Undergrad: 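Take this structure first; my questions come after.
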Amino acid sequence: MSTVHGSEAPADAHSAAVNSRTPLKKRLQHIYRPFRQTSRISRGLIFSGLGVVVFFLLVAFVAPLLYPYSGTQYRKEVAPGEFVKFPALAPPSVEHPFGTTRDGFDVLARIIDAASLAFVVMAIAVSIAMLVGVTLGLYSGYRGGKFDRALVTVMDSVYAFPSLVMAIIVGFVLGSILTQGVFSAAAAVAVVYIPQYYRVVRNHTFSVKQEPFVEAARSFGAKDRTIVGRYIFFNVVQTVPVILTLNAADSILVLAALGFLGYGVPYPIPEWGLDIAKATNDVAAGIWWTAFWPGMAIVLLVTALTLVGEGLNDVVNPLLRTRGKAGRKIAGMPRSRRKNGDGGVTRSADAVRGAAQEKLAAKIRDLRVGYRTSDGPLWAVDGVDLNLRAGECVGLVGESGSGKSSMGRAMLRLMPPGGVVQGEVEIDDRDIVNAPESTVRKMRGEGISLMFQEPMTRLNPLMRVSDHFVEMIRTHQPKTSRQRARTMARDALMQVGIPPTRVDNYPHEFSGGMRQRVMLAMAIVLTPRTIVADEPTTALDVIVESQILSLLERLRSEENVGILLITHNLGVVAEACDRVAVMYAGRIVEMGPVDQIFNDPKHPYTRGLVASTISLNTTELHSVGGYPPNLVEPPTGCRFADRCAYAMDHCTKVDPELTTVGPEQQAACLLYPGAGADVPADVRTPSGDPQKSEV
Amino acid sequence: MKTGSLGRYLVTRVLLAVPSVFILLTLVFLLLHAAPGDPVTATLGGRLPPAEIAARQETLGLNDPIYVQYFNYLAGALTGDFGNPVTDSRSVVEIILETAPATLELAAAGMLIAVTLGVVVGAIAGRLRDTAFDVGGRLFGVVIYAAPVFWTALLGQLLFSVKLGWLPSSGRAGGFDAPEQITGFYVFDSIITGDWEALQSSLLHLILPAVTLGLLIGGVFIRLVRVNMLQTLRSDYVEAARGRGLPERNVLFRHAFKTALIPIITIVGLQFALMLGYAALTETTFSWPGLARELIDFVGTRDYAAVQGIVTFIALVVVGVSLLIDIITGIIDPRVRY
């Protein structure tokens, strides 16, 4: 693989944005980008930490030039050749702002000198630890095998050992071999951190090694050295700055501890810990300044370095990033441009007819789901209407990021921090979106159940499956006995084809497919009127898939449950659903009975979607070109316009509404009259089986 | 035994601890033999006639080849013989029996304070993310960890002993106040002998060192518990639990909190080891007659033999504690048992 010419095809927009010709301002913005995504508080902490660190650097390397005394000076020259000793234990004064010590040294001068010592030791110690730890970690993690296992055991043993005791012994031994001084102290400090770097880098290397991109490089015949150097090293070192800053902070404490115990640098070299040790007797006499100031210096510098390290961790670790509360409003959220109320969506035939005639499992009106993202707030679901009838299965399909899963969660008002839901979701004549939390909580699981994606992580690893059931059943029906709840659990498990004897197993004792069925059993155990199944069969084998689908089928025909089946698998939809709703960029663009949508899709996007699925009579694999729009700044007009083969001039100006295009079929496309604009006379509208005709 | 059973897990853990013990003992031996000279010359050189020194070297087996010394050392350590100091007439085992209870009493009291503080403040801060409480708790955790334990100790002494006179500044309960020694844990001894004055004195002496130590480790716990709580709160199964309509109280305590505690238990084990290091500082500051202080003194007199013996004992304790932690985690978390 050539990387020299690799710049021709930049991997993503960001790396493209930053090259040598980029102006400085742009580059800084690029570096600052991840910081912008953290909370203002975290940012404040990082930058005040940085400020203090810079201050200490100035103290260490500039202040000695300005301050009149040095740390080991105990007298001053009042006239040529004539010296006056400093008073011992003088309290803070103008002459000695922080006072003097028992030996008549100026406390402030010692603090200044000790600061540079601290930075030097920190630099040496962290460099040694990093060099040794990172090298060993990379090598051992990449090589694996016996060597790796042996080194892991050794490092783990050392890691578990009290680090300070280890540092004392190493400092003591090194101090006897060499001489006690800055280097022996730094080396003693370094020993403490080698296992840490080793562990982190080794574990990271070990996991990165198995990543597809490394395997790919290996399959292209890249040399081991290249792989470790280029692919693994750069991935792994990203974790280093965090440990580095935190260790830098810690190394000051270890140095001070060594100094305090007398195993750091020898007196009278100024060192904060050593100075505190010297001040121990002063404290008994009620003298505070000799011990207080050096300690204060340690606290300030270590706090500052820790804040920087923790802040970086917040920045690097995206898990901790999103914040804010789930609710109904986000400040700064752009108003949704779709018209509200009667004029717009609710005019759709589906809504009117459904509301008038049938018993509905769920009635959704003008549903919106908003998130705050690093690029700004956006509406992931932007004004959706849908009627889910009792005993009906509606498939909700669309690309990743089209808002399907958000819509499923919003139907239970289950929002991550920073997410908002607006509109109406009526279940059993009660609106979930605007109800108080206690009402919503009662309806979840009993009125409406959600079957999540990723069954592997949805069960509490510490609880038996039976406990999950008992907890849930007794939450909703406090009068049910434990015994009864367990029986209900067994029945539900039996329904999904899991032997009831396994009710007391732990989640990790089940396979993925079985866990998915356990989740389904929990979803149906309280016989809710509505089930939202989010990708219930993804990652399952075909046999389990068809078992789950037939169970859903039975639920709706026998128990009259309404099911919203979220999936991107049109095959599943064809097998299980009565109707399909196609979602694109937060909106439903087409809706209708399954056979009509498959055989005669009206919206160009649906045509692309249907054409892209492989069936027996396809000879060519189609796909919809281009990418979905950025929802932070959604385009005006039709959101599909720039990917659409049929796009007309006014498609980028007029926002199409759902309009009837066939029996029970609606599409939001300006190719059809009623969608919001006049259709020009010469327009060719697509029709017929998309598998046969070209899109 | 079937895979995943607790019994099997325990046996594996114990077997895995063996190499750990072996490695640590070897490291200790190598490190201390890397120092130049021998223990007798280092401590007594120049103060005793050469003939006397040679005789002592012979008695201590220092003239044997290094591998013989190594095997004698290993054999001794495994049979509970940690050797004899050069500068002290007591054997290392006697020293340990005499001083280890003091260290363990201090460490246990410190750990109790640390865990209580860390779990309560950390869990609340995690739940109330980015509120004043959270920021305050985090800052407290960072600052208290940044303060050297001997410095906080000195400030505590200055305030509570020297200025206010509320608490004794150093040592354990002594003289007539000391309880009859049964276990060596003063608080425990005074309770079982019903000696309430001794209990009061023991507790008063314990407060300042234990709080100093507890605050320090507590700072670490606050930060850890908070982050774990944050991560668990956004885990898939917590969302799923909400999706099943469980009340927030149950979601928090049964689903989030309990899982968030598992890594904490592991950390408690690691911190316990760290604490033995910090104990060296606390004991020095408070003249607490513990094992760690004894070790520091022996390092000071360059008594390798005693240092080697005590460090060996500490290594065994550390391995023992981590074994214990593994067992506890195994009982709580069914996933680790295979």
Side-chain angles (χ1 to χ4, degrees), chain A residues 39 41 153-154 157-158 160-165 168-170 172-173 176-177 253 256-257 260-263 273 276 280 283-284 286 288 291 295 298-299 302-303 306-307 310 319-320 323 412 414 416 441-446 450 452 454 457-462 471-472 475-476 506 508 522, chain B residues 19-20 23-24 27 31-32 34-36 129-130 135 142-143 145-148 150-151 154 157-158 162-163 169 227 230-231 234-237 239-247 250 254-255 258-259 270 273-274 276-278 280-281 284 296 299-300 307 311 314-315 318 322 332-335:
Chain A
S39 71
I41 299 167
T153 323
V154 171
S157 310
V158 177
F161 197 77
S163 52
L164 194 57
V165 176
I168 290 168
I169 295 170
V170 172
F172 161 70
V173 171
S176 333
I177 300 175
L253 288 174
F260 178 77
L261 295 171
Y263 304 109
I276 295 174
T280 313
V283 166
W288 59 274
I298 298 177
V299 174
V302 175
T303 304
T306 314
L307 287 180
E310 297 241 305
L319 249 184
L320 304 175
R323 77 260 145 228
L412 282 81
L414 211 54
R441 193 183 60 63
K442 277 183 208 126
M443 290 172 77
R444 289 178 190 153
E446 203 171 17
L450 174 58
F452 290 93
E454 318 109 21
T457 52
R458 290 293 174 182
L459 293 163
N460 185 338
L462 303 188
E471 182 187 31
M472 177 187 181
T475 297
H476 290 288
Y506 284 100
H508 72 272
M522 288 209 299
Chain B
S20 221
I23 289 166
L24 277 179
L27 271 179
L31 259 179
L32 286 166
R129 176 160 208 201
D130 285 349
V135 177
V142 172
V143 171
Y145 184 75
F150 46 89
W151 183 68
L154 281 177
Q157 283 176 334
L158 184 66
V162 180
K163 300 268 183 212
S169 69
V227 168
L230 282 179
Q231 293 189 339
R234 59 186 54 217
S235 69
D236 286 346
Y237 62 85
E239 192 192 18
R242 289 207 178 101
R244 289 198 296 277
L246 302 184
N250 283 11
R254 202 170 303 167
H255 292 267
K258 199 171 157 192
T259 341
L270 277 177
L274 271 184
L276 289 174
Y278 293 127
L281 299 169
T284 309
I296 302 297
V299 175
V307 171
V311 171
I314 293 180
V318 165
S322 71
I332 298 182
D333 187 347
R335 284 171 302 175

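Naming: A, B, ... by sequence-line order, numbering from 1 per chain. All figures in this text were calculated on a predicted structure; none of them were measured in a lab. Both backbone and side-chain heavy atoms feed into the values below; hydrogens, waters and symmetry mates do not.
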Undergrad: With only heavy atoms counted, which part of A:S157 is less than 4.5 Å from chain B, the side chain, the backbone, both or neither?
TA: both
Undergrad: Please state whether the side chain, the backbone, both or neither of B:V299 comes within less than 4.5 Å of a heavy atom of chain A.
TA: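 Contact with chain A: backbone and side chain both.
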Undergrad: Which heavy atom of A:V299 sits nearest a heavy atom of B:A146, and at what distance?
TA: O-CB, 3.7 Å
Undergrad: If you count heavy-atom pairs under 4.5 Å with chain A, which of B:V143, B:L246, B:L24 comes out on top?
TA: B:L246
Undergrad: Report yes if some heavy atom in the side chain of B:W151 is under 4.5 Å from a heavy atom in the side chain of A:I298; otherwise report no.
TA: no
Undergrad: Which region of B:S20, side chain (C-beta onward) or backbone (N, CA, C, O), has a non-hydrogen atom less than 4.5 Å from a non-hydrogen atom of chain A, or is it both or neither?
TA: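 Contact with chain A: backbone and side chain both.
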Undergrad: Please check this pair: side chain of A:R444 against backbone of B:R244, looking for a donor-acceptor N/O pair closer than 3.5 Å.
TA: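 Side chain of A:R444 to backbone of B:R244: no pair is present.
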Undergrad: Given the options B:A241, B:P19, B:A315, B:G243, which has more heavy-atom pairs under 4.5 Å with chain A than any of the others?
TA: B:G243
Undergrad: Within the 4.5 Å heavy-atom criterion, are A:T280 and B:F150 side-chain neighbours or not?
TA: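 A side-chain contact under 4.5 Å is absent here.
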Undergrad: Below 4.5 Å, heavy-atom pairs only: which of A:E471, A:M522, A:M472, A:M443 has the largest tally toward chain B?
TA: A:E471
Undergrad: Between B:E239 and A:R458, is there a side-chain heavy-atom distance shorter than 4.5 Å?
TA: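 A side-chain contact exists here, since the closest heavy-atom pair is under 4.5 Å.
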Undergrad: So which of A:E446, A:K442, A:H476 has the largest heavy-atom pair count under 4.5 angstrom toward chain B?
TA: A:H476
Undergrad: Using a 4.5 angstrom heavy-atom cutoff, name the option from A:V158, A:V154, A:V170, A:I168 with the most pairs to chain B.
TA: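 If we count pairs closer than 4.5 Å to chain B, A:V154 comes out on top.
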Undergrad: List the atom of A:L459, the atom of B:Y237, and the distance in Å for their closest heavy-atom pair.
TA: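 Heavy-atom minimum between the residues: C-CB, 3.5 Å.
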Undergrad: If you take all heavy atoms of A:L253 and B:A147, which pair is closest and at what distance?
TA: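 Where A:L253 meets B:A147 most closely, the heavy atoms are CD2-C, 4.5 Å.
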Undergrad: Should A:F260 and B:T284 count as side-chain neighbours, where that means a heavy-atom distance under 4.5 Å?
TA: yes
Undergrad: Mind ranking A:L412, A:I169, A:V165, A:V283 by heavy-atom pairs under 4.5 Å with chain B and telling me who comes out on top?
TA: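 The candidate making the most pairs under 4.5 Å is A:V283.
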Undergrad: Where does B:L27 contact chain A at under 4.5 Å (heavy atoms): side chain, backbone, both or neither?
TA: side chain
